[in-house]
**Student:** 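My structure is below; once you've seen it, I'll send some questions.
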Amino acid sequence: MILTEAKNLHMEHIEDEIVNSGAEGVDAVREYITGLLDLLDGSESQSKLTVKWDGAPAIICGTNPRNGRFFVGTKSVFAQRSKAAYTPTQIRSYYQGQLADKLENAFIYLKRLNIKQVLQGDLMFDDNIKQDDGQSISFQPNTIVYKVDAGTELYQTIKRARIGIAFHTTYVGNDFASMDAQFGADISKLNSSADVWVDDATVKNVSGTVTMTKAEQLELSLAIKRLNPESVAGGVWSAMQSNSEFINTFKIFINSEIKRGAGITKPVDILNRFATFYRARKEKELAGLKMDKAKQTRIEQIKNQLQFLNDNKQGLVTMLTMYNQTIKAKNIILNKLKNAQQIGTFKRTDKGLEVTDPEGFVAINQGGNAVKLVDRLAFSRTNLTTQKNWA
């Protein structure tokens, strides 16, 4: 089953659904966790799970339904002036530097797969980043280093391949302008080529590799019960959902906390730190303004947001308690799912490679909505602070 999302929709972290959608977000999180618990238990589940490969760049490719021609590009394929490239010469006219090199390489090899649809995937390796020391093959497309030991069929497949890609999204429509994205990619009908290692992102079977303990099952069951939207007054939910300034700035604040390595723990402390963060952010904007009307707007924003935090403090504390409960449940699930990964994942340190967890997973519910499951302190902070080696 392939499920639908809006084209180019930014995928949110599961816990952020509570901030984004209030009471409905709490219900959605309950549905995700319930479905994942069923999946891990081996029970029948309406949920779907995919791996978040840490590849780069993201490549859009396949057959343009308007002209029947093979193309490659980035998400700028969907721009008003599409940068879908049908020849290596076009690639060089649209893209520059290492990105152009990678797209030209992708064009040469992915064309052999005879892709009839429009797919999106993460480039995992090419000859420039794949390293084989005879004991293992490793490649680092982005932040994580992937490693496959010798003596396995996968090692031999990747050893022969000139390029590797993990497809995870299918685009459907009559033209680029009207296409919708669908989570998942059916790679079963693609032509086989020894020069291309292709994978999809679906976690096909976790039985036998993932086993929940009684304590973990209990903790997840309790988390589901504690995610109760009625524990926050309806007026607080309404005030929060009508306050886009709070929603957007709060998520920026959370990312800044993660970037500096701080955990999201005590709700009261978080609200106080957010108030300080918000005031400092707006006062910085205020200092750069010259027009009195613009200055007054910023002053009013500061006043209104601080009043909002004060008037709804108890409800926001309860909301953040459920936010934290979601993070705890998510991390239990991630701790189990890391055993389902076929390829070893590492990070580079001054002392060499160190074992690390995979980037994360994507949970898809029955309605086709999807969220990221990522240990943000373990991975997102690294990703936010790591220089990428391609442009």
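Values below: every heavy atom of this structure, side chains too, minus hydrogens, waters and symmetry copies.
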**Student:** Using modelled atom types and a 3.5 Å cut-off, is there a donor and acceptor pairing between side-chain atoms of T63 and backbone atoms of I115?
**Tutor:** yes

**Student:** Treating D16 as the side-chain partner and V19 as the backbone partner, does any N or O pair qualify as donor plus acceptor under 3.5 Å?
**Tutor:** no

**Student:** When you check the side-chain N and O atoms of D126 and Y109, is any donor under 3.5 Å from an acceptor?
**Tutor:** no

**Student:** Please name the pair of heavy atoms, one in A106 and one in I163, separated by the smallest distance, quoted to 0.1 Å.
**Tutor:** CA-CD1, 3.6 Å

**Student:** Does the K130 side chain pair with the main chain of A161, one donor and one acceptor, at a distance under 3.5 Å?
**Tutor:** yes

**Student:** Under 4.5 Å between side-chain heavy atoms, hopping through other hydrophobics if needed: is there a path connecting I247 to I270?
**Tutor:** yes

**Student:** For the residue pair N228 / R30, report whether a side-chain donor-acceptor contact shorter than 3.5 Å exists.
**Tutor:** no

**Student:** Is it true that Y95 and S76 share a donor-acceptor pair across their side chains at a distance under 3.5 Å?
**Tutor:** yes

**Student:** Hey, does the side chain of S242 reach the backbone of A239 with a donor-acceptor pair shorter than 3.5 angstrom?
**Tutor:** yes

**Student:** Provide the closest heavy-atom pair for L289 versus A294 in the form atom of the first, atom of the second, distance.
**Tutor:** CD1-O, 3.6 Å

**Student:** Between V77 and N64, does a side-chain contact (heavy atoms from CB on, under 4.5 Å) hold up when you go through it step by step?
**Tutor:** CA-CA 10 Å; V77 161; N64 183 345; over 6 Å; no

**Student:** Take F361 and I333 through the test side-chain contact (heavy atoms from CB on, under 4.5 Å) and record every step on the way to the result.
**Tutor:** CA-CA 10 Å; F361 298 82; I333 293 168; over 6 Å; no

**Student:** Suppose the criterion is salt bridge (Lys or Arg N to Asp or Glu O under 4.0 Å): which pairs have a residue in residues 268-281, not counting sequence neighbours?
**Tutor:** E257-R273, D269-R273, R279-E283

**Student:** If you count the non-hydrogen atoms of other residues, nucleotides and ligands that lie under 6.0 Å from CG in D127, is the total more than 12?
**Tutor:** yes

**Student:** Indicate yes or no for a side-chain donor-acceptor contact from D175 to the backbone of S178 under 3.5 Å, with no hydrogens or angles considered.
**Tutor:** yes

**Student:** List the residues meeting ring-ring contact (aromatic ring centres under 6.0 Å, His included) with F139, not counting sequence neighbours, and say none if there are none.
**Tutor:** F125, Y146

**Student:** Mark yes or no for whether T276, through its side chain, and N272, through its backbone, hold a donor-acceptor pair below 3.5 Å.
**Tutor:** yes

**Student:** State, to 0.1 Å, how close A363 and L373 come at their nearest heavy-atom pair, and which atoms those are.
**Tutor:** CB-CD1, 4.2 Å

**Student:** How would you list all residue pairs meeting ring-ring contact (aromatic ring centres under 6.0 Å, His included) that involve residues 213-246, not counting sequence neighbours?
**Tutor:** F246-F250, F246-F274, F246-F308

**Student:** Report, as yes or no, whether the 6.0 Å neighbourhood of atom CD on E24 holds more than 12 heavy atoms from other residues, nucleotides or ligands.
**Tutor:** no

**Student:** Can you say whether the rings of W53 and W197 are parallel (under 30°), tilted (30 to 60°) or perpendicular (over 60°)?
**Tutor:** perpendicular

**Student:** Is it the case that the side chain of S93 and the backbone of Q90 share a donor-acceptor pair, with hydrogens and angles ignored and the cut-off at 3.5 Å?
**Tutor:** yes

**Student:** Can you measure from CG (L309) to CG (L271) and round to the nearest 0.5 angstrom?
**Tutor:** 6.5 Å

**Student:** Checking I343 against K147 for the side-chain contact (heavy atoms from CB on, under 4.5 Å) test, could you report, in this order, the C-alpha distance in whole Å, the side-chain angles of both residues, the deciding distance, and whether it holds?
**Tutor:** CA-CA 6 Å; I343 300 179; K147 189 177 178 182; 5.7 Å; no

**Student:** Going by the salt bridge (Lys or Arg N to Asp or Glu O under 4.0 Å) test, which pairs reach into residues 84-95, not counting sequence neighbours?
**Tutor:** R92-D101, R92-E104

**Student:** Would a single hydrophobic cluster contain both L286 and I252, if residues Ile, Leu, Val, Met, Phe, Trp and Tyr are joined by side-chain heavy-atom contacts under 4.5 Å?
**Tutor:** no

**Student:** Mind jotting down which residue pairs meet the salt bridge (Lys or Arg N to Asp or Glu O under 4.0 Å) criterion with at least one end in residues 314-335? Sequence neighbours excluded, please.
**Tutor:** E15-K330

**Student:** Please confirm whether K111 makes a cation-pi placement over F70, using NZ or CZ under 6.0 Å from the six-membered ring centre and within 45° of the ring normal.
**Tutor:** no

**Student:** Looking at residues at least two apart in the chain, or sitting in another chain, which of them share a side chain to side chain donor-acceptor pair (under 3.5 Å) with T213?
**Tutor:** E216

**Student:** With D195, which of R112, R162, K159 fulfils salt bridge (Lys or Arg N to Asp or Glu O under 4.0 Å)?
**Tutor:** R112

**Student:** For the hydrophobic clusters of this structure (ILVMFWY residues joined by side-chain heavy atoms under 4.5 Å, transitively), does one cluster hold both M179 and V172?
**Tutor:** no

**Student:** Is there a donor-acceptor pair closer than 3.5 Å between any side-chain N or O of D54 and the backbone N or O of T143?
**Tutor:** yes

**Student:** Tell me every residue that passes side chain to side chain donor-acceptor pair (under 3.5 Å) with Q241, counting only those two or more places apart in sequence or in another chain.
**Tutor:** none

**Student:** Only counting residues at least two apart or in another chain, list the ones meeting side chain to side chain contact (heavy atoms under 4.5 Å, CB included) with D38.
**Tutor:** T34, S43, S45

**Student:** Under the salt bridge (Lys or Arg N to Asp or Glu O under 4.0 Å) definition, can you give me all pairs with a residue in residues 303-317, not counting sequence neighbours?
**Tutor:** none

**Student:** Which residues end up grouped with L222 if you chain together Ile, Leu, Val, Met, Phe, Trp and Tyr wherever their side-chain heavy atoms are less than 4.5 Å apart?
**Tutor:** L218

**Student:** Have N20 and K251 got a donor and an acceptor in their side chains that come within less than 3.5 Å?
**Tutor:** yes

**Student:** Please tabulate, for the side chains in residues 150-158, all donor-acceptor contacts under 3.5 angstrom to protein atoms that are two or more places apart in sequence or on a different chain.
**Tutor:**
| from | atom 1 | to | atom 2 | distance (Å) |
| --- | --- | --- | --- | --- |
| T152 | OG1 | D149 | O | 3.1 |
| T152 | OG1 | Y155 | N | 3.1 |
| Y155 | OH | D132 | OD1 | 2.9 |
| Y155 | OH | D132 | OD2 | 3.2 |
| T157 | OG1 | E153 | O | 3.0 |

**Student:** Side chain of N369, backbone of N365: donor and acceptor closer than 3.5 Å?
**Tutor:** no

**Student:** List the residues meeting ring-ring contact (aromatic ring centres under 6.0 Å, His included) with F71, not counting sequence neighbours, and say none if there are none.
**Tutor:** F176

**Student:** Between L316 and M319, is a side-chain contact (heavy atoms from CB on, under 4.5 Å) present by the stated rule, with each step listed?
**Tutor:** CA-CA 5 Å; L316 291 173; M319 180 272 290; 4.0 Å; yes

